[in-house]
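First up is the structure itself, then whatever we jot down about it.
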Amino acid sequence: MKVIHATSYSDLSRKAANIISAQVILKPHSVLGLATGSTPIGTYKQIIEWYNKGDIDFSSTITVNLDEYVGLAPTNEQSYRYFMNENLFRHINIPLENTHVPSGLAEDMEAECVNYDALITNLGGIDLQLLGIGHNGHIGFNEPNNAFEKTTHIVSLGESTIQANARFFDDIKEVPNKAITMGIKSIMQAKKILLIANGPDKKDIIEKALYGPVTPSVPASILQLHPDLTVICCFE
Ligand code: PGA
């Protein structure tokens, strides 16, 4: 595990963008596992800036996102598909058909879970997975639990997650209470993992996750067991 302390949010964002860019430069057809939330926005902005300078070509890159709210259409501004299109995909030359976000609207959500894992396997697995971390230690929407859920699955969101995400909605009642998320095994099978955490409010959970016991009550703690984990944090 490598832990890098960034001096500011923009330093964190540039460092994370450097690692993702290097991955795509070294292997243009990389499978990138991507994340939503406020933390990666600066990383995506930096990538777009370097793309505009001609430094990176995404024409053969493939992406798989971690999660999506159940019940939100891709056109819904709060959906993670919408977030990814607006914050990254439409600003770079990645073919939209190369980008994958689990569907929150599938008629058969159980089948969608199975199909999403099959998709990742058929792509040859994830080369680099970007992750944020929730205050409760969640990664993707893998909430604190009694056991690590391995494969893509449907989760009921915890109260603290609903409250944390309410800032993006007009009313907390509009926050969906279910999501589809890659499981711990899907995440842990990524060849490399890049975890980013920003702000003084993330300090405690990062310490618990990286240096505390490995337990499903802190889902991110499993990352201690990953052979190629880089953490970039800024607690300023
Ligand atoms: P944040 O969310 O980047 O908005 O803090 C991280 C997460 O909940 O995974």
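Keep in mind it's a predicted model, so treat the numbers as computed, not measured.
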Side chains of Ile187 and Ile222: does their closest heavy-atom pair fall under 4.5 Å?
no
Is the shortest heavy-atom distance from the side chain of His135 to the side chain of Asp201 under 4.5 Å?
yes
On a heavy-atom basis, the closest approach of Tyr211 and Val3 is OH-CG2, 3.6 Å
Ignoring hydrogens and angles, tell me if any N or O in the side chain of Gln224 forms a donor-acceptor pair with the backbone of Gly212 under 3.5 Å.
yes
Is a donor on one side and an acceptor on the other found under 3.5 Å between the side chain of His138 and the backbone of Ile133?
no
Just wondering, more than 12 heavy atoms not from Asn146 lying within 6.0 Å of its CG?
no
For residues Val231 and Ile20: do they belong to one hydrophobic cluster (side chain heavy atoms under 4.5 Å, members Ile, Leu, Val, Met, Phe, Trp, Tyr)?
no
Measure the shortest side-chain to side-chain distance between Asn115 and Pro102 over non-hydrogen atoms and say whether it is less than 4.5 angstrom.
no
Heavy-atom closest pair, residues Ile172 and Ala166
CG1-CB, 3.7 Å
Closest non-hydrogen atom pair between Met182 and Asn142, with its separation
O-ND2, 2.9 Å
Do the side chains of Leu96 and Val24 join up, straight or via other hydrophobic residues, at under 4.5 Å, putting them in one cluster?
yes
Against Tyr44, only a single residue in Ile92, Leu130, Thr36 fulfils side chain to side chain contact (heavy atoms under 4.5 Å, CB included); can you say which?
Leu130
Are any of the side-chain heavy atoms of Pro28 and Asp57 separated by less than 4.5 Å?
no
Do you know the tightest heavy-atom contact between Ala35 and Gly132?
CB-N, 4.3 Å
Does any donor atom in the side chain of Arg81 or Ser103 lie under 3.5 Å from an acceptor atom in the other side chain?
no
Kindly work out whether a path of hydrophobic side-chain contacts (I/L/V/M/F/W/Y, heavy atoms less than 4.5 Å apart) joins Leu32 to Met188.
no
Indicate, with yes or no, if Ile232 and Ile47 share a hydrophobic cluster defined by side-chain heavy-atom contacts under 4.5 Å among Ile, Leu, Val, Met, Phe, Trp and Tyr.
yes
Please answer whether the main-chain N or O of Pro216 pairs with a side-chain N or O of Asn145 as donor and acceptor at a distance below 3.5 Å.
no
If we ignore hydrogens and angles and just use 3.5 Å, is the side chain of Ser221 paired with the main-chain N or O of Thr215 as donor and acceptor?
yes
State whether the number of non-hydrogen atoms from other residues, nucleotides or ligands found under 6.0 Å of Lys178 atom NZ is greater than 12.
no
If hydrophobic clusters are built by linking Ile, Leu, Val, Met, Phe, Trp and Tyr wherever their side-chain heavy atoms come under 4.5 Å apart, do Met84 and Tyr82 end up in the same one?
no
With rounding to the nearest 0.5 Å, note down the distance linking CZ in Phe89 to CZ in Phe83.
10.0 Å
Counting N and O atoms only, with roles assigned by atom type, does the side chain of Gln46 sit under 3.5 Å from a partner on the main chain of Arg14, one being a donor and the other an acceptor?
no
Drop me the distance from Asn65's CG to Leu88's CG, to the nearest 0.5 angstrom.
9.0 Å
Interatomic distance, OG1@Thr43 vs CD1@Ile196, rounded to 0.5 Å, equals 4.0 Å
Sole candidate of Ile180, Thr181, Asp67 that passes side chain to side chain contact (heavy atoms under 4.5 Å, CB included) when paired with Val155:
Thr181
Would you compute the distance between atom CD of Glu86 and atom OG of Ser79 and round it to the nearest 0.5 angstrom?
9.5 Å
Where the side chain of Gln78 meets the backbone of Phe168, is there a donor-acceptor pair that is under 3.5 Å apart?
yes
Tell me if a side-chain donor or acceptor on Tyr116 pairs with a main-chain N or O of Leu66 at a distance below 3.5 Å.
no
Distance (rounded to the nearest 0.5 Å) between His226 NE2 and Lys192 NZ
10.5 Å
Ignoring hydrogens and angles, tell me if any N or O in the side chain of Asp11 forms a donor-acceptor pair with the backbone of Thr7 under 3.5 Å.
yes
Taking the side chain as every heavy atom from C-beta outward, state whether Cys233 and Lys202 have any pair of such atoms under 4.5 Å apart.
no
Main-chain N/O of Thr63 paired with Thr99 side-chain donor or acceptor, under 3.5 Å:
no
Could you walk me through whether Val214 and Phe148 satisfy the side chain to side chain contact (heavy atoms under 4.5 Å, CB included) test, starting with their C-alpha distance in whole Å, then the side-chain angles of each, then the deciding distance to 0.1 Å, before giving a yes or no?
CA-CA 10 Å; Val214 174; Phe148 291 111; 4.2 Å; yes
Of all heavy-atom pairs between Pro144 and Pro219, which one has the smallest distance, and what is that distance?
N-CG, 3.6 Å
Nearest heavy atoms of Ile25 and Asp55, plus distance in Å
CD1-O, 4.0 Å
Side chains of Phe169 and Pro176: does their closest heavy-atom pair fall under 4.5 Å?
yes
Decide, yes or no, whether a salt bridge links Lys208 with Asp204 under the criterion of side-chain N to carboxylate O below 4.0 Å.
no
Between the CZ atom in Phe141 and the OG1 atom in Thr152, the distance rounded to the nearest 0.5 Å is 14.0 Å
Criterion side chain to side chain contact (heavy atoms under 4.5 Å, CB included) on His5 and Phe235, from CA distance to verdict:
CA-CA 8 Å; His5 288 273; Phe235 302 133; 3.9 Å; yes
Output, in order, the C-alpha distance, side-chain angles, deciding distance and verdict of side chain to side chain contact (heavy atoms under 4.5 Å, CB included) for Leu157 and Glu143.
CA-CA 7 Å; Leu157 302 184; Glu143 300 282 59; 4.2 Å; yes
Strictly by side-chain hydrogen bond (donor to acceptor under 3.5 Å, both in side chains), give each pair with a member in residues 164-177 just once, sequence neighbours left out.
Ser38-Arg167, Tyr69-Asn165
Flag side-chain contact, heavy atom, 4.5 Å: Lys191 against Asp228:
no
Is the shortest side-chain heavy-atom distance between Asn18 and Trp50 below 4.5 Å?
yes
Under the criterion side chain to side chain contact (heavy atoms under 4.5 Å, CB included), I'd like the reasoning laid out for Cys113 against Ile154: C-alpha separation, chi angles, the key distance, then a yes or no.
CA-CA 8 Å; Cys113 293; Ile154 307 295; 3.8 Å; yes
Run the salt bridge (charged side-chain N to carboxylate O under 4.0 Å, His left out) check on Glu49 and Lys45 step by step: do they pass?
CA-CA 6 Å; Glu49 199 181 311; Lys45 277 205 176 111; over 6 Å; no
